[in-house]
Trainee: 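The structure's right below; bear with me while I get my questions together.
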Amino acid sequence: MKKTAFIGALTVAGLAAGMASAGTLDDVKERGTLNCGVTTGLVGFASPDANGVWDGFDVGVCRAVAAAVLGDSDAVEFVPTTGKTRFTALASGEIDMLARNTTWTFSRDVDLKFEFVGINYYDGQGFLVPRDLGVSSAKELDGATVCIQTGTTTELNLADYFRSNNISYEPVPIETNAEGQQQYLAGACDVYTTDASGLAATRAAFENPADHIVLPEIVSKEPLGPLVRHGDNDWADVVRWSLNALIAAEELGVTSANIEELAAAPTGNPEVNRLLGTEGELGAMLGLDANWAMMAIAAGGNYGELFEKNIGENTPIGLARGLNAQWTDGGLLYSPPFR
Amino acid sequence: MTSVTDPPQGSFRLSMLLNDTRYRSYTFQFIALVLLIAFMAYLGVNLVRNLAAAGLNISFSFLSDPAGYDINQRPIEYDSQSSHLRAAMVGILNTLIVAFLACVTATIFGVIAGVLRLSSNWVVRKLMSVYVEIFRNIPVLIWIIIIFSIMTVAMPAPRAFRGDNATSSMLFDSFAFTNRGVYAPAPVIDGAMGWIVIAVFIASIVGIFAYRRFATKKLYDTGQLLPTLWPSVAMFFVPTILVYFILGRPITLDYPSLQGFNFQGGLHLRGSLIALWFALAIYTGAFIAENVRAGIQAISKGQTEAAASLGLRPGRIMNLVVLPQALRVIIPPLISQYLNITKNSSLAIAVGYMDVTSTLGGITLNQTGRAIEAILLLMLFYLTISLLISGIMNVYNNSVKLKER
Amino acid sequence: MSDNNSVAFVRTETLPQLPPPASQAGAVKWARENLFSSIPSGILTLVSLYVIYLLVAFVGPWIANGVWNTDSLAECREVLDGTTGACFSVISERWNQLLFGFSYPVEHYWRPGLAFILLFIAAAPVMFFDLPRKLLIFTGLYPFIAFWLIWGGTIFTPLFALAGIMVGYLVYSRYVKDSFAMGFFGGVIAAFIAWYIGGFIVGAIAPEEPFLEAVQSRNMGGFMLNMILGVTCVSLSVPLGIVLALGRQSDMPIIKWICVCFIEFIRGVPLITLLFVANVVLAYFLPPGTTFDLILRVIIMITMFSSAYIAEVIRGGLAALPKGQYEAADSLGLDYAQAMRLIILPQALKISIPGIVNIAVGLFKDTTLVSVISMFDVVGMIRGPILSSTDWNGVYWELFMAASVLFFVVCYGISQYSQWLERRLATDHR
């Protein structure tokens with residue numbers, strides 16, 4: 001109490017200063033908004049439109065969590081982060097969760113003390129080259145100039161790949177995807193490398209996407225997922241199961257179109273009932289309302305809907321589901337049961 | 001009445017700590033020290049608690065781990081298996097390279113512009129004012145990005161040099177201006193013979209200075225004026241060229257040529273280096289121009305007129321009377337401009353030039369997550385450089401100080 | 001050869017004055033003297049004219065053919081159809097993002113706009129000494145008005161902040177007669193107590209729907225962010241700089257040592273490393289669980305940065321005062337605080353104003369560095385959201401020209417003011 005009063009004084013003195021207590025979940029509820037770290041702009045995953053409204057696949061995850069916790073998918077403050085600032089922003093509590101196509105690696109999980117709550121996109125690092133360069137394999141790239149985003153795992157993978165294939169290259173480090181795009185289009189580098197999904201998104205923004213090809217080699221595993229601070233398990237559970245709810249909803253055939261109907265009364269499928277809160281008390285166990293998952297799914301649709309709307313085959317980005325199909329369709333998406 | 005100011009002795013009261021000027025300063029200093037220590041302790045305790053809460057620690061052992069990333073401009077041997085410390089060293093050298101280049105160029109730009117601003121020629125004067133005002137009043141970061149954009153967008157890609165219907169061609173078949181930077185011929189020193197040529201060249205430069213000093217001494221001792229210009233020129237060129245041909249041309253030029261994706265061979269000045277170098281040079285040059293102008297204007301006209309009345313020619317007036325006095329005014333701000341260049345070179349991060357901010361404070365920080373350690377080291381580096389430069393400045397200031405008698 | 005015809009011709013009337021020879025008058029004379037006074041000068045003139053010609057020939061058509069009303073770069077290139085021309089339509093379409101960032105609510109643009117206009121009124125009495133001193137009251141109120149206008153929210157926040165300062169001032173003026181230190185510290189403590197209490201009251205009476213909708217700091221962007229950072233940091237760092245300068249000149253070794261270390265440390269590192277500290281490290285040094293706005297952290301670091309530089313300028317001003325002034329103050333029996341307040345600082349500050357203005361201009365330009373730590377100031381907006389949008393991917397010159405013009409206007413204006421002031425102060429001291 002004393003502390004809040006002091007903060008009140010600080011508020012008067014200048015600008016608002018928030019105060020975090022033990023649990024992120026309580027903080028978010030008290031604040032009424034979710035602070036979600038996203039990229040500074042990658043079309044399809046997270047980018048502000050001309051009016052400053054954020055949209056994209058990662059943004060969809062943020063909105064789902066906000067809807068689950070606060071019941072309002074617009075109660076999100078999107079904090080743009082670069083490769084450099086993202087981890088400190090999360091560690092310092094400036095953001096509650098990071099959904100910025102971040103690769104789950106051992107050292108980030110263990111050494112940097114973050115908690116990856118799941119994987120929302122199975123990715124791998126690829127190479128984008130102009131068609132008229134006449135290259136059909138990454139092994140032919142000896143001596144090429146390569147644009148890479150610094151501070152990402154792609155930088156390390158690239159060094160490893162070229163080293164193990166014993167070919168040389170000239171790295172051109174860049175800070176944001178926008179810069180990489182400009183450099184690549186101006187021909188200042190022959191190759192642009194980042195996660196294959198990012199390449200597709202970047203290519204989609206080109207004037208003539210057909211003039212550029214993504215090479216067949218995928219040189220790394222890049223499981224991308226949202227992450228939270230280590231040690232706050234309640235909050236990690238909320239984010240983890242909000243993501244799982246999206247995945248499970250697709251598996252169970254719950255879409256934003258039929259969710260009202262399914263949630264109105266218990267259905268024949270007990271797992272759908274538990275998910276949507278018409279049966280059991282899963283929401284209360286998380287410290288949320290009974291209809292938390294329903295809100296999360298209704299925010300932007302289930303995983304499949306989010307995918308199709310933002311990065312799917314009918315969008316300019318045109319990514320196939322591939323590894324990101326449900327396990328029932330031969331993909332890797334597999335939500336633990338809601339029980 | 002003299003004893004009025006003498007306070008009563010031997011009766012120290014506690015209130016004197018606040019009210020007596022003899023003790024009050026001790027009180028204040030004590031309070032300040034306690035506050036400082038308390039503040040530091042507060043920060044330290046917070047740090048420890050935060051690190052403990054996050055399960056992190058302060059450790060510099062990451063410096064010996066393999067860096068894992070590649071750097072394009074490597075003044076010393078480096079590959080992705082080298083340590084983070086080595087990467088930081090590469091970054092430091094790159095910082096020093098760009099700072100040195102920018103300092104030299106900025107001085108040249110600044111002196112030219114500063115002198116021309118005082119020119120009697122109206123167009124030149126106005127043009128230089130426009131240069132100074134435009135460059136001084138727009139942030140250097142914008143200049144860096146603009147020049148970088150010129151380098152990447154306006155220059156042709158290496159592809160344009162290829163094939164029969166190439167749209168671009170190399171200048172004199174030896175310089176290629178591409179959007180990846182400028183490729184220039186690089187000298188290749190061929191064994192010991194090559195080094196002999198270089199040694200001769202250095203020796204002849206030393207010789208020129210020795211000769212000039214000798215000529216000055218002769219002038220002062222005997223009043224005999226020896227010619228200096230032509231002997232100097234001769235000493236500069238003749239011995240080196242002679243030795244060069246006698247030893248069978250041991251220094252050759254390595255010309256860049258288009259192979260594969262890029263130009264290979266020669267000297268590669270990357271676009272990021274050029275952008276940073278020129279932006280810093282032009283921007284700081286505008287400030288130096290103002291310093292130079294102020295320095296020259298600070299010399300009273302009487303000095304010039306007195307020199308003229310002694311019969312000195314205009315060149316000698318400049319060399320012997322005006323410049324030595326103007327330099328005393330110009331050099332201290334000039335050195336702080338050099339300091340600014342060094343500090344502003346940290347903006348390299350905006351264009352991906354791999355200086356120490358980009359390696360140690362950029363990629364290493366990102367990859368290891370050791371933010372506190374990396375930034376601490378980074379600050380220490382810049383602080384060391386700054387203190388060194390200001391140390392040099394103090395030595396200089398003391399050596400040129402007007403001896404007051 | 002005879003003496004007869006030696007009657008000299010004597011003119012009886014004055015001749016009308018002839019115009020001076022063509023080479024000695026008008027444009028020709030001016031050109032000869034100013035453009036072609038010697039061969040090198042002539043060559044320089046020709047070279048300069050050629051450079052100007054090149055610039056005009058290059059930039060002129062580009063600006064003249066500018067397109068102002070298309071929706072995307074592709075459309076603009078279509079309109080231009082291969083001719084040289086600028087796509088200024090990026091500016092006409094995105095001007096609001098350049099000025100206000102992309103998340104400041106559009107319907108509230110008038111608020112920062114009004115704050116900007118009021119800034120001139122607030123700054124006028126500080127900049128021009130002839131204006132009535134009463135205007136200074138508005139200058140004192142301005143920070144609170146501007147804060148309320150830009151950030152919005154309940155008006156009680158700035159009101160109570162102001163009230164706290166008033167209370168502090170009352171306490172100060174009550175006790176300053178006894179001892180400056182007592183008045184000063186008493187005032188500071190009183191202000192904090194007032195704020196502390198005010199914090200409760202504001203929390204209690206703040207209306208749900210404030211008159212001006214609150215805007216998050218995070219939503220500040222564009223040139224507005226540069227202005228906010230520049231103005232706030234300069235005005236905060238002047239008092240801090242005075243304290244540091246006095247500390248550095250102090251006779252007390254520990255205080256002097258602390259100030260010297262602080263000043264030299266800050267001046268020795270680039271601003272960007274301090275911004276990294278604000279962005280990445282500062283959170284570790286705050287009590288666990290506290291988070292400040294990034295903008296507030298940046299303001300703290302930039303203020304520290306500029307206060308060190310301003311301290312050095314003011315130290316120069318203090319050193320430039322004749323020793324007689326200090327001695328005169330002592331001989332009047334003034335104590336340190338009185339001497340500084342009444343005699344030394346008013347003069348020293350007056351000498352330092354041009355230097356302070358130069359630092360301010362430099363600092364204002366340096367606010368663009370925040371784009372490196374992913375804040376969307378005007379440079380950050382250009383490099384981030386605008387250039388990465390599909391519509392405007394590849395428009396460089398027009399955008400950077402716009403940013404350059406914004407900065408040039410402000411910085412050139414201030415530096416002209418500084419020169420005017422220097423001339424004026426110079427006559428005062430003659």
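Hydrogens, waters and symmetry mates are skipped; everything else that's a heavy atom, side chains included, is used. Chain letters run A, B, ... following the sequence lines, proteins first, then strands; residues in each count from 1.
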Trainee: Would the number of heavy atoms belonging to other residues, nucleotides or ligands and lying under 6.0 Å from CZ of A:Phe206 be above 12?
Mentor: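 Yes, because the 6.0 Å sphere around CZ of A:Phe206 holds more than 12 heavy atoms from other groups.
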Trainee: Of the backbone (N, CA, C, O) and the side chain (C-beta and beyond), which part of B:Met354 lies under 4.5 Å from a heavy atom of chain A, both, or neither?
Mentor: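 Just its side chain gets close to chain A.
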Trainee: Check each atom of B:Ser358 against the heavy atoms of chain A and say whether the ones under 4.5 Å are side chain, backbone, both or neither.
Mentor: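 When you check distances to chain A, no heavy atom of B:Ser358 falls under 4.5 Å.
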Trainee: Who among A:Thr105, A:Leu141, A:Asn157 has the most heavy-atom pairs with chain B under 4.5 Å?
Mentor: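 Of the options given, most contacts go to A:Leu141.
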Trainee: Which answer fits A:Ala144, side chain, backbone, both or neither, if we ask what part of it has an atom under 4.5 Å from a heavy atom of chain B?
Mentor: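 Interface part for A:Ala144: both.
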Trainee: Based on non-hydrogen pairs under 4.5 Å, which of A:Gly187, A:Gly143, A:Gly231, A:Ala91 is most in contact with chain B?
Mentor: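 Counting heavy-atom pairs under 4.5 Å, the top option is A:Gly187.
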Trainee: With only heavy atoms counted, which part of A:Leu156 is less than 4.5 Å from chain B, the side chain, the backbone, both or neither?
Mentor: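 Backbone plus side chain of A:Leu156, per the 4.5 Å heavy-atom cut-off to chain B.
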Trainee: Checking side chain to side chain contact (heavy atoms under 4.5 Å, CB included) for the pair B:Arg370/A:Asp111: CA distance, chi angles, key distance, verdict?
Mentor: CA-CA 10 Å; B:Arg370 298 278 171 194; A:Asp111 189 34; 4.0 Å; yes
Trainee: Chain B: which of A:Ala159, A:Ser107, A:Pro171 shares the most heavy-atom pairs with it under 4.5 Å?
Mentor: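 Among A:Ala159, A:Ser107, A:Pro171, the one with the most close pairs to chain B is A:Pro171.
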Trainee: Check the surroundings of atom NZ in A:Lys113: do more than 12 heavy atoms from other residues, nucleotides or ligands lie under 6.0 Å from it?
Mentor: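 Above 12, so yes.
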Trainee: I'd like to check A:Thr145 versus B:Arg270 (side-chain heavy atoms, cut-off strictly below 4.5 Å). Are they in contact?
Mentor: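 With C-beta onward as the side chain, the pair stays apart.
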Trainee: Can you tell me how far CD1 of A:Ile174 sits from OG of B:Ser272, rounded to the nearest 0.5 angstrom?
Mentor: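 Reported value, rounded in 0.5 Å steps: 13.0 Å.
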Trainee: Would you check if B:Asn179 and A:Gln183 make a side-chain contact, meaning some heavy-atom pair closer than 4.5 Å?
Mentor: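 B:Asn179 vs A:Gln183: side chains apart.
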Trainee: Quick one, A:Ile148 and B:Tyr69 - any side-chain contact, counting heavy atoms below 4.5 Å?
Mentor: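 A:Ile148 vs B:Tyr69: side chains apart.
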Trainee: Roughly how far, to the nearest 0.5 Å, is the CZ atom of A:Arg163 from the CG atom of B:Asp79?
Mentor: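 Output value for this atom pair is 5.0 Å.
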Trainee: Quick one: do B:Arg180 and A:Glu170 make a salt bridge, cutoff under 4.0 Å?
Mentor: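 No salt bridge links B:Arg180 with A:Glu170.
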Trainee: Give me the one residue out of B:Asn72, B:Thr359, B:Ile71 that meets side chain to side chain contact (heavy atoms under 4.5 Å, CB included) with A:Pro173.
Mentor: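 Among B:Asn72, B:Thr359, B:Ile71, the one meeting side chain to side chain contact (heavy atoms under 4.5 Å, CB included) with A:Pro173 is B:Asn72.
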Trainee: Given a strict heavy-atom distance threshold of 4.5 Å, which part of B:Phe148 is in contact with chain A: side chain, backbone, both, or neither?
Mentor: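 The side chain, not the backbone.
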Trainee: Non-hydrogen atoms of chain B under 4.5 Å away: do they reach the side chain of A:Tyr169, the backbone, both or neither?
Mentor: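 Answer is side chain: those atoms of A:Tyr169 sit under 4.5 Å from chain B.
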Trainee: Do A:Gln182 and B:Thr152 have side chains that get closer than 4.5 Å, going by heavy atoms?
Mentor: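 The answer is no; the side chains never approach within 4.5 Å.
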